[in-house]
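Only this structure's heavy atoms are used, side chains among them; waters, hydrogens and symmetry mates stay out. To find a chain, count down the sequence lines: A is the first, B the second, and so on, and within it residues start at 1.
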Amino acid sequence: MKHAVTFDLIKTDGRSRARRGVLHTPHGDVQTPVFMPVGTQATVKAVKPEDVASLGHEGAHILLSNTYHLYLKPGHELVRKAGGLHRFMNWNGAILTDSGGFQVFSLGALRKIEEEGVWFRSYIDGSSHHFTPETSIDVQNALGSDIMMAFDECAPYPADRSYVRQSLELTTRWLKRCKEHHRDVERQSLFGIMQGGVYKDLRAQSAEQICELDLPGYAIGGLSVGEPAEIMYDVLEDCAPRLPADRPRYLMGVGSPDYIFEGVERGIDMFDCVLPTRVGRNGRAMTSEGELNMKNARFKEDFGPLDPGCDCYVCRNYSRAYIRHLVNTKEIFGGMLLSEHNLYFLVRTMEKIRKSIEEDRFPEYKREFFDQYYAPKRDKEEQ
RNA sequence: GUGGGUAUCGUCAAGUGGCCUAAGACCCUGGGUUGUGGCUCCAGUAUACGUGAGUUCGAAUCUCACUACCCACC
């Protein structure tokens, strides 16, 4: 029995836990460490699939979509009829679907969590829905993603120990049910999710429980939910190595460039985040010299590219002044250009990270990146 | 020229004698956003009551004159 998704670890950095690997999926190989653009509603907001596919120098080969949102709209059976999510949204690369667990957390006011599953009300029309681990797998089977995430409970921060403990144990029981319910492992692979909040011993407990299930990949959930960065790094440092070295490790919902570098350094292979597209739609550009708020008056007559160090489509064809104009007039095209550029920036940065690991200079590249990306902001704050 | 109307931050616009050292929105300025309930959210700047004189304990609010603009008529 062959798993749909397998992982080859090519190399581990000598001076950190950074790893270089390849994820093999039914829809192509993915080089890791990788950043996965997020396409919640079967679309990476404001960016065409073909543009996503051509991000960076090597292209993006995997993106995220969402079980909860597609279940509500347009409905997973419709996506099945369309021939699956890949065909429905015209994306030929790999797709990872989040299970809906996070939505249970982020739409907290509308839910009720029980052993069997979760009751929640649709944010669209207020209707009541019952979601269980089995439901999540059924929906993800219908969507046909390459990687399915387990239905988990993401505890908030802060949360007391006993709550987090119960939450992680529930997540483990749900994971077993997900695995039990998922049949066609040659078509789709199920990843388990570690929980445990910021409590290292609970993380260890969670890791031990989920690793017993021998899954093709594992995620770290419940981080980057509001805790201070130092705490997250500290917890990550401790818990990432508890996941098997020969399986991909996915840090869910991360993130910003600093979080990504710190994650790679601690042995993470996969990241996803809405940040580049969301901040892009709201007028921000991620550049080699830090983040820029394109609404700022100083760009009014700046006819240079968004990022002088970038060779993306946007930087080759449009000026800061023009993009500022689009943002200020709330033109959709502004969000499109910034989303594409920001994704390109992150995807390209991951390519450079991979190369630096191959060439044994990841720590140096990390320092170099931070000096360029965060120095301008630091200087500004010190003034 | 005659009659009528309107004049409040950059813009639009509340307010019809004391709670107005003047609402709100937009604009402008800055910030936020991390498994997307976001073409979004938060914050900040502006000594703006057309001018002058009156009435009154007290006027953006009432009176008069002037000025500007708008609409009719000649």
Side-chain angles (χ1 to χ4, degrees), chain A residues 35-47 62-70 72-73 95-111 120-126 136 140 145 147-155 157 171 191-195 218-229 232 250-260 262-263 268 270-284 286 291-300 324 326-339 342 346 377 380-381:
Chain A
F35 174 79
M36 305 180 282
V38 179
T40 301
Q41 317 247 35
T43 167
V44 176
K45 292 184 195 292
V47 186
I62 182 168
L63 57 72
L64 224 76
S65 198
N66 190 277
T67 304
Y68 167 87
H69 288 279
L70 295 178
L72 287 179
K73 256 183 184 180
I95 296 176
L96 180 153
T97 42
D98 192 17
S99 64
F102 187 76
Q103 278 61 45
V104 170
F105 157 79
S106 66
L107 276 50
L110 308 172
R111 63 152 156 77
F120 65 85
R121 301 183 80 89
S122 162
Y123 73 96
I124 298 169
D125 61 7
S136 180
Q140 295 187 76
S145 51
I147 299 172
M148 308 187 300
M149 296 309 299
F151 189 64
D152 65 331
E153 194 209 344
C154 178
Y157 177 88
T171 292
F191 280 22
I193 303 176
M194 177 209 287
Q195 289 291 346
Y218 291 96
I220 296 171
L223 285 182
S224 190
V225 290
E227 75 283 3
M232 191 194 94
Y250 163 29
L251 180 56
M252 307 186 79
V254 169
S256 50
D258 51 346
Y259 279 29
I260 289 177
E262 300 294 344
I268 300 299
M270 303 164 70
F271 303 86
D272 80 281
C273 194
V274 304
L275 209 57
T277 43
R278 178 181 289 173
V279 302
R281 288 197 307 286
N282 291 324
R284 280 189 173 245
M286 302 166 82
E291 231 178 80
L292 306 178
N293 185 342
M294 295 313 296
K295 289 187 251 187
N296 289 175
R298 63 190 166 113
F299 301 122
K300 193 169 188 174
R324 175 174 191 273
L326 294 177
V327 170
N328 280 345
T329 50
K330 302 181 184 1
E331 282 293 337
I332 294 169
F333 194 39
M336 291 167 62
L337 292 177
L338 284 169
S339 294
N342 288 348
L346 272 188
K377 193 179 177 183
K380 204 173 161 187
E381 282 166 0

Hey, what's the ring geometry for A:Tyr123 with A:His69, parallel, tilted or perpendicular (30° and 60° as the breaks)? perpendicular
For A:Asn282, check side-chain contact (heavy atoms from CB on, under 4.5 Å) against everything at least two apart and list the hits. A:Arg278
Could you check how far CG of A:Asn296 sits from P of B:G32, rounded to whole Å? 10 Å
Given the P atoms of B:A46 and B:A23, what is the spacing between them in whole Å? 12 Å
Separation of B:C39 C1' from A:Glu331 CD (nearest whole Å): 10 Å
Without hydrogens or angle criteria, can the side chains of A:Gln195 and A:Thr171 be said to hold a donor-acceptor pair below 3.5 Å? no
If a stem is a run of at least 3 consecutive Watson-Crick or G-U pairs, both distances under 3.5 Å, which stems include RNA chain B? B:1-7 with B:67-73, B:10-12 with B:24-26, B:28-32 with B:40-44, B:50-54 with B:62-66
Just call it for A:Asn293: base, sugar-phosphate, or nothing, with non-hydrogen atoms closer than 4.0 Å on any strand. base
A:Met36 and its side-chain contact (heavy atoms from CB on, under 4.5 Å) partner, picked from A:Leu63, A:Leu96, A:Leu346: A:Leu96
Sequence neighbours excluded, the answer for side-chain contact (heavy atoms from CB on, under 4.5 Å) partners of A:Lys300 is A:Arg324
NA contact type, A:Ile193, heavy-atom cut-off 4.0 Å: base, sugar-phosphate, or nothing? base
Just to be sure I understand the rule, does A:Gly222 reach a base, reach only the sugar-phosphate, or reach nothing, if contact means heavy atoms closer than 4.0 Å? base
